[in-house]
Asker: 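Below you will find the structure I want to go over with you.
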Amino acid sequence: MLSIENLSVAIRRPGRQVAALSDVSFAVRPGEVVGLVGESGGGKSMVARAVVGLLPGGSHATGRVLVEGADVLRMDDAALAAHRGRGAAICFQNPRGALSPTRTIGRQLVDRLTTHQEMSGDRAREAARELFEAVGIRSAQRRLDAYAHELSGGMAQRVMISLATGCAPGLLIADEPTTGLDVTLTREILRQFRHAADTDERAVLLISHDLASIAEVCDRVVVLYAGTVVESGPAAQVLREPAHPYTRALLRSVPDVGGRPVVATPGTMPLLTRAPENCPFVARCAHADDTCASRRPPTEPLAGTGDWSLACFHPQTRPLDAGTPPTPATPVGGAAVAGPVPQRAVLEIEDAHVVYRSRFGSGGHHALRGVTLRLGPGETLGVVGESGCGKSTLAKLVMGLVAPTSGTVSVAGQALVKQPGRPRPRGRALRRARTRAQLVFQDPIGSLSPRRTVGDSIAEPLRAAGLSAAERDARVAAVLDRMELDRAILRRYPHELSGGQAQRIGIARALVGEPDLIVFDEPTSALDVTVQAQILDVIADVAADADRASVFISHDLATVRGFADRVVVLYLGRVVEEGPVDVVFDTPRHPYTRALLGSAPRLGATAGSEGAGVELVKDLEEADAAAGCPLAARCPFVTDRCRSERQELQSYGESRAACWRVPELPALIGRQAVTP
Amino acid sequence: MRIFRFVIRRLLQLIPVLLGVVLLAFLLVRVLPGDPVRSILGPNATEEDAAAARARFGLDRSLWQQFLDYLGGLLTGDFGTSIQSGSSVGSEMALRVGPTLELVVISVTIALVVATTLGIWSAKRANRVGDHSVRMFALAGNSVPEFWLGLVLVLVGYSILGWFPAPNGRVDPDTNLTPLTGADLVDAVLTANGPAIASATAYLVLPVLTLVVGVVAPLLRSVRASALEVLHSESYAAAKAHGLRDRTLHRGYLLRATLVRLPSLAALVFGTAIGSTVLVEYVYSWQGFGQWALRGLLYRDYPVVQASVLLIALCYVLVFLIADVVHAILDPRVRL
Amino acid sequence: MAESRTAASGDTAAAPVVVAGGDRESRFARRMIIVGATILALVALVAVFAPLLSPWGETEIDPANTLVAPGGDHLLGTDGNGMDIWSRVLHAARLDLGIALAAVALAVVVGTLLGLVAGYVGGWLDDVLMRVVDIFQSFPTFILALAVAALLGNGTVNLIITIAAVNAPAYARLVRAEVRSLRELPFVDAAITSGASPVGVLWRHLLPNSLTPVRVIAPLNCGWAMLTLAGLSFLGLGVSIPEAEWGAMISLGAADVVGGRWWTSVPPGLALFVCVLGFSLLGEGLQDRANAKRR
């Protein structure tokens with residue numbers, strides 16, 4: 001179906017030259033799902049663009065991109081127009097942006113159907129409805145007249161899939177189709193692609209940065225590094241026993257809910273200006289020798305296998321996990337796990353509610369609904385939940401960036417923001433108090449002031465503390481050393497930094513004033529996988545400081561497991577479960593926690609661990625918080641009591657969960673599995 | 001139905017704004033330096049003459065009372081009496097609005113059509129010769145002083161070529177046009193007066209051309225920028241990557257998305273055109289609203305200035321209201 | 001994404017397929033900036049050295065030669081008062097450029113400060129300031145300029161204030177919108193949690209970043225300020241004869257045009273046009289460059 005042979009793409013613009021792809025070859029057969037994996041800058045999107053003939057300006061391409069025997073690179077405009085859509089169709093990364101805002105989604109689908117399947121208008125509308133239903137859009141008839149801005153993220157991705165399949169392409173390309181979607185949705189969307197390959201004999205090329213999450217639906221995977229294919233082979237085998245050091249590094253960088261420790265690989269992917277003459281991974285590889293540095297390894301089939309090939313002089317054969325002890329992992333955090341409540345609380349939140357008032361009209365958005373937390377020095381608290389659960393609001397609440405509508409928050413005994421019936425420091429005292437708690441942001445570059453130097457940004461908290469310039473310089477230098485950053489970086493501006501560097505700067509800024517509390521708000525979600533592992537290492541180190549408390553907020557359960565002592569699961573502004581991290585992860589109580597854990601990807605996972613078995617019935621965005629249990633609208637075990645009665649946290653063993661049906665759940669889950 | 005409710009609500013909101021404008025205009029003319037009474041009486045008038053004239057125009061009463069009188073008059077449709085001419089401001093204005101509106105509406109309409117076609121055409125050929133020429137034309141239009149352009153057009157079109165009538169009116173008086181609305185071309189068509197149609201059209205060409213050049217430039221730039229943004233957008237790239245036909249792409253994915261931003265811009269440009277007419281009418285002795293209002297301002301003719309300010313503000317807010325409605329129709333993301 | 005593709009060069013797989021595009025846009029932008037800046041530099045030079053370049057004084061009258069055609073003693077002829085057009089066109093650059101630049105500078109400073117405060121403080125202060133801006137912006141700008149000019153009367157300083165007053169609201173609105181969107185970005189939160197004072201946040205973090213759009217708009221605005229100044233003078237509300245100003249000169253020559261005497265009004269208009277075009281080219285080029293960066 002698709003066969004790429006020795007594709008090289010160089011982008012030449014004045015003052016800039018990039019070797020985006022170098023000698024890439026692979027094939028996708030009908031009915032097959034192939035995963036194209038690698039970090040950003042690896043050339044994944046360039047492959048997709050080459051396949052639909054949309055290379056960016058200034059590209060010089062050699063090699064061949066054959067779709068059903070015709071070379072896309074050498075098609076004229078007419079042939080290209082016929083090829084796009086009918087031959088290969090892309091599902092774009094940001095579906096809401098890729099849908100036209102001023103045309104109903106039904107019309108957009110009908111456009112595709114009439115263009116590529118020569119349907120009449122009425123027939124196409126009927127077919128559009130069927131396609132919408134096929135991708136899991138409820139009340140499809142009504143949705144045909146909806147506009148893109150009325151759709152939730154998951155819904156928009158479903159529409160995008162229907163648009164791509166509506167072109168009836170032989171080859172379906174999905175560019176990071178699940179970025180920005182919650183774990184519970186990710187699996188559902190990925191299944192759509194498997195379905196497209198199985199039922200219509202389409203070839204599917206699935207592009208992702210996350211090998212573990214797509215491996216489940218892929219037949220084969222192709223791993224890209226710096227524009228070269230380093231490894232390709234059967235998905236299950238590559239996932240279990242990756243042979244190329246980079247693939248291994250990639251997999252080891254991903255935290256796992258099972259608690260397997262993350263192994264960070266130093267360095268970053270090089271940005272090549274010309275096709276590499278040696279192994280592009282050589283600088284970061286533990287097995288590298290002189291041969292690797294002087295010659296580029298040829299792509300050769302792995303001995304004794306059919307279609308498993310790699311480009312490496314030193315193939316690794318051991319299974320990935322050999323040598324590392326299995327779970328349970330020891331938390332890196334210094335304090336003992338969930339001991340007695342410490343005497344001195346660094347952070348105290350008492351029944352806090354946050355309501356964002358809408359500017360017009362009544363009501364408003366209830367972001368937090370009664371959260372109580374207490375954190376002592378040396379403790380690390382993990383906070384997990386899907387988007388919209390109130391994680392970020394919690395971070396802002398702790399930092400005094402939003403005021404609680406009711407309830408209290410104090411950091412090191414002081415209120416940072418106006419609270420009902422409590423005094424708070426003002427002026428300089430307030431500014432000092434603020435520096436006691438520091439925040440590490442999700443967007444590392446955006447959290448640095450664009451027109452101030454890195455040195456300025458790091459020293460900001462010290463300025464508030466009133467330190468002299470010399471003292472400031474000394475402290476900044478010390479913290480830079482701890483972050484393993486070069487002094488020269490101090491004079492740079494944020495846009496000159498890589499994501500990993502910027503996040504180290506962000507952590508340095510948080511650390512420099514030696515605060516009592518650091519809140520990490522999704523600190524790695526914007527980073528590439530191997531960089532993420534490096535940053536997680538740094539954070540684990542910082543969180544281990546015994547005199548400081550840390551809060552680690554993430555949508556990714558696995559990252560939390562790495563170093564939190566305790567974990568809190570948030571859902572629609574309420575704590576639904578809390579407890580020691582291993583207890584919650586190994587024996588989840590609340591249906592929501594079970595569902596989250598069940599849909600989290602695991603390496604070499606055997607489905608059916610204790611968390612699995614609970615499948616929520618709707619997308620988060622469609623469900624609204626009822627008066628009773630917030631999960632009532634999505635929980636498969638819902639009863640009238642759940643809907644009417646507010647659920648308080650109750651102790652079940654070492655952890656606490658806000659669900660009265662916890663004792664009955666194991667039996668219920670068993671029954672659900674039998675009768676789906 | 002929702003649009004209807006929106007319009008009603010917006011019209012109600014207009015009342016306080018217009019009240020504010022009335023008050024502002026009223027105060028403004030009274031702080032203007034210069035005395036209107038002195039200017040009509042001439043240098044030889046005695047203090048008694050001036051006092052008598054002030055009493056005649058009610059200018060001897062307290063500010064507060066003058067304002068209430070004026071408001072009361074407005075409610076009954078009375079805009080007061082011009083100090084300069086001594087006739088009713090309302091009827092003078094009625095005579096002047098037609099010609100100006102004709103000029104502005106024709107110019108803005110032509111400009112809108114030219115700007116959308118040329119702007120989209122240009123964006124589709126971004127960075128090629130045609131596009132660059134269009135951009136240079138827009139830049140030149142943006143930079144040319146319209147009153148000077150008017151003079152140059154008179155020089156070329158009348159003095160040198162003699163193709164168009166002299167800049168001394170709106171229609172040849174020999175055609176015996178019966179004024180109905182004040183907009184001469186409309187009147188000529190309504191009365192089926194053939195020679196008047198020809199004459200009015202000939203008189204319109206140069207001033208309309210002058211206004212169009214000034215007005216089309218900002219529109220053209222924005223349409224081009226907006227179309228370019230759509231062409232570069234992910235959604236357009238997606239539609240293109242799915243192999244839709246050029247016609248479908250153009251009509252379904254480019255046109256409407258581009259035009260979404262046009263209404264509010266057109267309203268703004270309408271305002272610019274009203275401002276420009278003051279200059280253009282002056283050049284062509286159009287004897288329209290702009291020239292009338294300008295003279296009122298120069299001679300401190302209080303009632304005339306007040307009435308013009310009120311009318312301009314009313315016109316402006318109404319045009320913006322229309323723009324908002326059109327925007328809401330074009331853009332599904334807008335909620336009324 | 002470039003759509004133009006050069007035809008595939010041959011069928012051999014070795015020959016690269018080249019997709020054109022990429023740098024043409026920036027080249028055009030650069031060219032516009034260079035041409036615009038050159039024009040403005042020339043105008044500035046002319047303004048500075050006007051007395052050296054002109055054979056006659058700014059207001060010098062040659063009573064024997066009124067309304068003479070170009071040629072002879074007077075390169076571009078004389079106006080009805082017998083003043084030399086060429087000399088006056090050169091001298092006018094001083095007043096036109098000076099007033100326009102001063103007015104825009106004033107408008108930028110006042111507008112930016114108001115916008116910063118309104119955007120950052122919010123609340124009733126924001127409401128009041130923005131309502132005032134609304135009232136200003138509910139009139140066509142030229143009409144507003146006419147009214148303010150009539151109110152303040154003639155004089156260089158008054159004209160600067162007039163034009164600045166008409167423009168400042170737009171800057172206030174622009175900066176306010178920018179500040180409000182910047183406030184939502186994490187780096188502002190980072191500054192606050194790092195203990196920066198409100199003034200520090202405003203001055204060190206918001207101000208430098210909110211000036212980006214101002215920098216692009218200001219040159220375009222200078223051109224517009226010049227046109228407004230000339231328009232006011234044309235109608236007798238700006239600079240008045242005998243001072244040399246392009247709009248006033250055009251006004252003086254307007255009556256001559258019908259009789260075909262072009263030299264009194266065409267040259268000053270052309271000078272004005274070229275100068276404004278310089279600002280437009282510069283502004284457009286800067287805008288292109290800013291857009292390219294954003295993409």
Side-chain angles (χ1 to χ4, degrees), chain A residues 5-6 8 10-14 49 53-64 71 73-77 80 396 399-401 416 427-428 430-435 437-439 441-444 446-452 456-457 460-465 494 506 509-510 513 519 521, chain C residues 1-27 30 122-123 126-127 178 181-212 215 292-295:
Chain A
E5 296 169 8
N6 298 320
S8 295
I11 300 173
R12 291 182 199 151
R13 288 187 188 163
R49 285 174 156 217
L54 281 172
L55 285 172
S59 300
H60 293 237
T62 55
R64 305 210 288 178
D71 187 351
L73 293 179
R74 285 168 182 78
M75 283 181 182
D76 59 16
D77 283 352
L80 205 53
K396 290 193 163 186
M399 301 308 299
L401 291 171
L416 297 183
R428 197 155 194 106
L430 172 65
R431 292 169 55 196
R432 286 235 177 105
R434 276 195 185 285
T435 60
Q438 287 293 302
L439 182 59
F441 293 81
Q442 175 171 13
D443 173 6
S447 73
L448 299 172
S449 201
R451 289 183 184 274
R452 305 221 75 89
D456 252 4
S457 287
E460 185 100 48
L462 301 177
R463 204 186 295 270
R509 169 175 59 190
V519 178
D521 184 7
Chain C
M1 212 171 290
E3 13 179 322
S4 55
R5 297 158 51 92
T6 56
S9 42
D11 274 348
T12 48
V17 176
V18 180
V19 183
D23 58 321
R24 266 203 244 174
E25 189 174 350
S26 62
R27 218 184 314 155
R30 198 169 57 232
D126 182 34
D127 284 340
E178 196 67 17
S181 64
L182 284 173
R183 263 181 67 174
E184 303 300 317
L185 295 183
F187 77 85
V188 178
D189 279 348
I192 294 173
T193 58
S194 295
S197 64
V199 176
V201 172
L202 204 58
W203 193 253
R204 299 196 306 123
H205 298 283
L206 290 176
L207 177 63
N209 291 303
S210 59
L211 286 182
T212 315
R215 261 188 282 261
K293 224 175 252 175
R294 208 158 19 124
R295 248 178 238 142

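The basis for the numbers below is simple: all heavy atoms, side chains too, and nothing from hydrogens, waters or symmetry mates. To find a chain, count down the sequence lines: A is the first, B the second, and so on, and within it residues start at 1.
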Asker: Checking heavy atoms, do the side chain of A:R432, its backbone, both or neither come under 4.5 Å from chain C?
Answerer: neither

Asker: Give the minimum heavy-atom separation between A:S447 and C:A190, together with the two atoms involved.
Answerer: O-CB, 3.5 Å

Asker: For chain C, find which of A:R428, A:Q442, A:M399 contributes the most heavy-atom pairs closer than 4.5 angstrom.
Answerer: A:M399

Asker: Check each atom of A:L401 against the heavy atoms of chain C and say whether the ones under 4.5 Å are side chain, backbone, both or neither.
Answerer: side chain

Asker: What parts of residues 192-199 of chain C touch chain A if we use heavy atoms and a cut-off under 4.5 Å?
Answerer: C:I192, C:T193, C:S194, C:G195, C:A196, C:S197

Asker: I'd like to know which of A:P450, A:A510, A:G506 tops the heavy-atom pair count under 4.5 Å against chain C.
Answerer: A:P450

Asker: Pick one of side chain, backbone, both or neither for A:Q438, based on which atoms fall under 4.5 Å of a heavy atom in chain C.
Answerer: side chain

Asker: Restricting to non-hydrogen atoms, name the atom on C:F187 and the atom on A:L448 that form the minimum distance, rounded to 0.1 Å.
Answerer: CB-C, 3.5 Å

Asker: Relative to chain C, which segment of A:R451 carries a heavy atom at a distance below 4.5 Å: side chain, backbone, both, or neither?
Answerer: both

Asker: Select one option (side chain, backbone, both, neither) describing which atoms of A:A437 are under 4.5 Å from chain C's heavy atoms.
Answerer: backbone

Asker: Can you measure from NE2 (C:H205) to OG (A:S457) and round to the nearest 0.5 angstrom?
Answerer: 7.0 Å

Asker: If you count heavy-atom pairs within less than 4.5 Å of chain C, which of A:R463, A:K396, A:R509 leads?
Answerer: A:R463

